[in-house]
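Remember, it's 1-based here, ligands and their atoms both numbered in the order they're listed. Starting from 1, each residue takes its place in the sequence as its number. What you see below is based on every heavy atom in this structure, not just the backbone, and it leaves out hydrogens, waters and symmetry mates.
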Amino acid sequence: QKVAGQVDAQDVPKLEVHFPLCMKNLVTVLKKEHHLKHDGRMQFGLFLKGIGLPLEQALEYWRMAFVKMNDEEFKKGYAYNIRHNYGQEGNRKNYSPYGCEKIIHSSTGGAGQHHGCPFKNFSPDRIRAEVRAQNATVTNSEVEELVGLVTAKHYNIACSKYFELTHPPSAPQSGPTALTEPITHPNQFFELSYKFSHT
Ligand code: SF4
């Protein structure tokens, strides 16, 4: 389901503000290293498809992101996989974006691997820093409540709490933002965040 109509390659950076932490992490690595390993490309590429990036724009986005690679290398090693994700190659299966369940249980830990769920993979200190970077006015007790959910392995509830802490209401007297449903899908996080700032 698209929230912003068709998304073009050059729109993606403007929409990063609405990404959940798992995708923010991947796009940060992609910008720094101009590359992502296969599992990260699948997780992030299908998420981008879910926000409304069509195949031609996806090819353009990844071509720009892999700026250090020559055209031949990109075509041979990567363009096929991108088309495959959009059902245009191989078994022509039209792949869906991964939900939290799949991402949380994906195996990580290999060198240079950045896919997976940060609420499972990041240290408590890194989670503290991430939430403070998004909202400098967050209180210590709010941060520790979030960290408590992470250490209790309630990753989806931690992500929902992170959403609430990073989307404070414009009128503080109205109380904290409360989600009516927990986050169970990165594209749900994106859509709720997009709607939050466009209503
Ligand atoms: Fe991403 Fe889901 Fe983890 Fe949130 S709970 S960071 S949306 S995988």
Taking only non-hydrogen atoms of Phe189, do any sit less than 4.0 angstrom from ligand 1?
no

In terms of atom number and element, which parts of ligand 1 are under 4.0 angstrom from non-hydrogen atoms of Phe119?
6 (S)

Heavy atom of the protein closest to atom 8 (S) of ligand 1 (residue, atom name, distance)
Ile103 CG2, 3.7 Å

Atoms of ligand 1 under 4.0 Å from any heavy atom of Pro20, numbered from 1 in the order shown, are 7 (S)

Please examine the side chains of Leu146 and Arg128, heavy atoms only from C-beta on, and report whether any two atoms are closer than 4.5 Å.
no

Give the atom numbers and elements of ligand 1 that come within less than 4.0 Å of a heavy atom of Pro186.
7 (S)

Taking atom CD of Glu101 as the centre, report whether more than 12 heavy atoms of other residues, nucleotides or ligands fall under 6.0 Å from it.
no

Given the rule in the side chain to side chain contact (heavy atoms under 4.5 Å, CB included) test, do Met23 and Phe189 qualify, once you have shown the distances and angles that lead to the verdict?
CA-CA 10 Å; Met23 303 304 169; Phe189 185 112; over 6 Å; no

What distance do Asn121 atom CG and His114 atom NE2 have between them, rounded to the nearest 0.5 Å?
11.0 Å

Does the shortest distance from atom 4 (Fe) of ligand 1 to an N/O/S atom of Cys159 fall below 2.8 Å?
yes

Measuring from atom SG of Cys159 to atom NZ of Lys120, what distance do you get when rounded to the nearest 0.5 angstrom?
14.5 Å

Is there a side-chain contact between Leu48 and Val7, using heavy atoms and a 4.5 Å cut-off?
no

Using a 4.0 Å cut-off to any heavy atom of Cys22, which atoms of ligand 1 qualify?
1 (Fe), 6 (S), 7 (S), 8 (S)

Closest approach of any protein heavy atom to atom 3 (Fe) of ligand 1, naming residue and atom:
Cys117 SG, 2.4 Å

Just say parallel, tilted or perpendicular for the rings of Phe47 and Phe44, cut-offs at 30° and 60°.
parallel

Is atom 2 (Fe) of ligand 1 less than 2.8 Å from at least one N/O/S atom of Cys100?
yes

